[in-house]
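Have a look at the structure below before the remarks.
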Protein chains: 2
Amino acid sequence: MSQRKGRSALTRTELDSWRVFIETTEDLRTALAGRLQAESGISVGDYRVLLELSEAPGRRLRSSHLADAIGWERSRLSHHLGRMEKRGLLTRDTAAGDNRGAEAVLTDEGHDALRRSSVPHFHAIRELFIDALTPGQLAAARDIAETLRDHLAGLKGPGD
Amino acid sequence: MSQRKGRSALTRTELDSWRVFIETTEDLRTALAGRLQAESGISVGDYRVLLELSEAPGRRLRSSHLADAIGWERSRLSHHLGRMEKRGLLTRDTAAGDNRGAEAVLTDEGHDALRRSSVPHFHAIRELFIDALTPGQLAAARDIAETLRDHLAGLKGPGD
DNA sequence: GATACCTGATTGACACGTCAATGTTAGGCG
DNA sequence: CGCCTAACATTGACGTGTCAATCAGGTATC
């Protein structure tokens, strides 16, 4: 209790824990993305955007709201919407009432893509993640993730 | 024990656990990468390559060995080495004894970059990850990561 | 109603990652 | 030797992500 945190070098165990954790979560991410792409022809980013739009009234959302909803920077979203628009998954309109704004509108094709991808995607999540862990591990994973998330949020903007 | 896994739809809790886990680990990754870039001007990929080369005899490694050591595809490594070479962190030579092969050789500048970045990088790992968790959580995180890693390996190539 | 400022969004440049295609050299084998 | 194939590595095209710069439309202030 008399030791301050963050002072000493990482122990071997700490470093090993870090490496297996960060590398495996990255592998998990890559595996999931690969499945989604192979089975449904869309990326994880596409999926996130499609899902958010499909749940919005009129299947349309202001770019800024969409960006906030999925936690992306505007520029990232703008690039992504451009690519999705080019593939016919959505269209873009100027927002009613504010000519600065843009609204992304889900096309039927985009909606179909989401519908086709959902079941395989959930299946992959179950297979790669949920079923790999015991109920206790799954609960612990959630607890750890929430702890880390709160910790990161505390570091990033306690004064914002 | 009579229920087969992977049959039913994801529960609300399972989906929430998945989302907080995958999003937070991604945020963690992004935060670490940002720190390394801001503090030392190198990327996580750069760091990985520099570390591996610095530990190799003569500070040089065959591309294929390097790729295996850090678990990257050859093409990815080739692109990355090209970028690092352009910045003077390493040079490339044809391998002694096999003119097909290429060796990456750490420059003094590359070695300095690694030396400068190590302490801040370890510090960031401690601050963002190790110190955020209790010892129990850290052990659980490692256990979960190892379980997931083994599970992924089992899915990918049981017959390879 | 002109100026200055703020907000919403896009763009360009560049780093990163994957996949498919392309050299290039080594080795095996007639 | 001459051919075939495998191994090593690079390249090009394209999707993805970040940062800084830009542009266009609103808002306030005088």
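Numbered from 1 within each chain, the chains take letters A, B, ... in sequence-line order.
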When we call it a touch if two heavy atoms are under 4.0 Å apart, what does [X] touch: a base, just sugar-phosphate, or nothing?
{"X": "A/Arg87", "answer": "nothing"}
{"X": "B/Ser63", "answer": "sugar-phosphate"}
{"X": "A/Glu73", "answer": "sugar-phosphate"}
{"X": "A/Ser78", "answer": "base"}
{"X": "B/Ser43", "answer": "sugar-phosphate"}
{"X": "B/His80", "answer": "sugar-phosphate"}

| message | Using the side-chain heavy atoms of A/Arg100, tell me which of these nucleotides is nearest: D/dA9, C/dC16, C/dT7. | response |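 Nearest nucleotide to the side chain: C/dT7.
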Could you state the [atom1]-[atom2] distance from [X] to [N], rounded to the nearest angstrom?
{"X": "B/Arg29", "N": "D/dT16", "atom1": "CZ", "atom2": "P", "answer": "16 Å"}
{"X": "B/Arg74", "N": "D/dG12", "atom1": "CZ", "atom2": "C1'", "answer": "19 Å"}
{"X": "A/Asp46", "N": "D/dG15", "atom1": "CG", "atom2": "C1'", "answer": "9 Å"}
{"X": "B/Glu85", "N": "C/dC16", "atom1": "CD", "atom2": "C1'", "answer": "18 Å"}
{"X": "A/Gln37", "N": "C/dG17", "atom1": "CD", "atom2": "P", "answer": "17 Å"}
{"X": "A/Leu90", "N": "C/dA9", "atom1": "CG", "atom2": "P", "answer": "14 Å"}
{"X": "B/Arg62", "N": "D/dA7", "atom1": "CZ", "atom2": "P", "answer": "13 Å"}
{"X": "B/Asn99", "N": "D/dT10", "atom1": "CG", "atom2": "P", "answer": "14 Å"}

| said: I need the minimum non-hydrogen distance between B/Leu114 and B/Ser54, along with the two atoms involved. | reply: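 So the minimum-distance heavy-atom pair works out to CD2-OG, 3.3 Å.
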| task | Determine the minimum heavy-atom distance between B/Ser63 and B/Leu77, stating which atoms define it. | result |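 For B/Ser63 and B/Leu77, the tightest heavy-atom pair comes out as O-CD2, 3.2 Å.
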| task | Describe, in one word, how the ring planes of B/Phe122 and B/Tyr47 are oriented to each other, choosing from parallel (under 30°), tilted (30 to 60°) and perpendicular (over 60°). | result |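 It falls in the perpendicular class, over 60°.
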| said: Looking at B/Ala95, is its backbone amide N or carbonyl O close enough to the side chain of B/Asp93 to form a donor-acceptor pair, meaning the two atoms are under 3.5 Å apart? | reply: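 No, B/Asp93 side chain to B/Ala95 backbone: no donor-acceptor pair under 3.5 Å.
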| Flag, side chain of A/Glu52 to backbone of A/Val49, donor-acceptor distance under 3.5 Å |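 Pair absent, no side-chain N/O of A/Glu52 close to backbone of A/Val49.
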Look at the side-chain N and O atoms of [X] and state whether any lies under 4.0 Å from the OP1 or OP2 oxygen of [N].
{"X": "A/Thr30", "N": "C/dG17", "answer": "no"}
{"X": "A/Arg76", "N": "D/dT16", "answer": "no"}
{"X": "A/Arg92", "N": "C/dT10", "answer": "yes"}
{"X": "A/Ser75", "N": "C/dA9", "answer": "no"}

Side-chain donor-acceptor contacts of residues 17-38 of chain A below 3.5 Å, not counting sequence neighbours, with atom names and distances?
residue: A/Ser17; atom: OG; partner: A/Thr13; partner atom: O; Å: 2.8
residue: A/Thr24; atom: OG1; partner: A/Val20; partner atom: O; Å: 2.7
residue: A/Thr25; atom: OG1; partner: A/Phe21; partner atom: O; Å: 2.9
residue: A/Thr25; atom: OG1; partner: A/Ile22; partner atom: O; Å: 3.1
residue: A/Glu26; atom: OE1; partner: B/Arg29; partner atom: NE; Å: 3.2
residue: A/Arg29; atom: NE; partner: B/Glu26; partner atom: OE1; Å: 3.2
residue: A/Thr30; atom: OG1; partner: A/Glu26; partner atom: O; Å: 3.0
residue: A/Arg35; atom: NH1; partner: A/Glu127; partner atom: OE1; Å: 3.2
residue: A/Arg35; atom: NH2; partner: A/Glu127; partner atom: OE2; Å: 3.3

| Polar pair under 3.5 Å, donor/acceptor by atom type, side chain A/His65, base C/dG8 |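 Check fails, no donor-acceptor contact within cut-off.
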| task | By nearest nucleotide on DNA chain C, pick out whichever of A/Glu26 and A/Asp98 is the more 5' one. | result |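 Its nearest nucleotide being more 5', the pick is A/Asp98.
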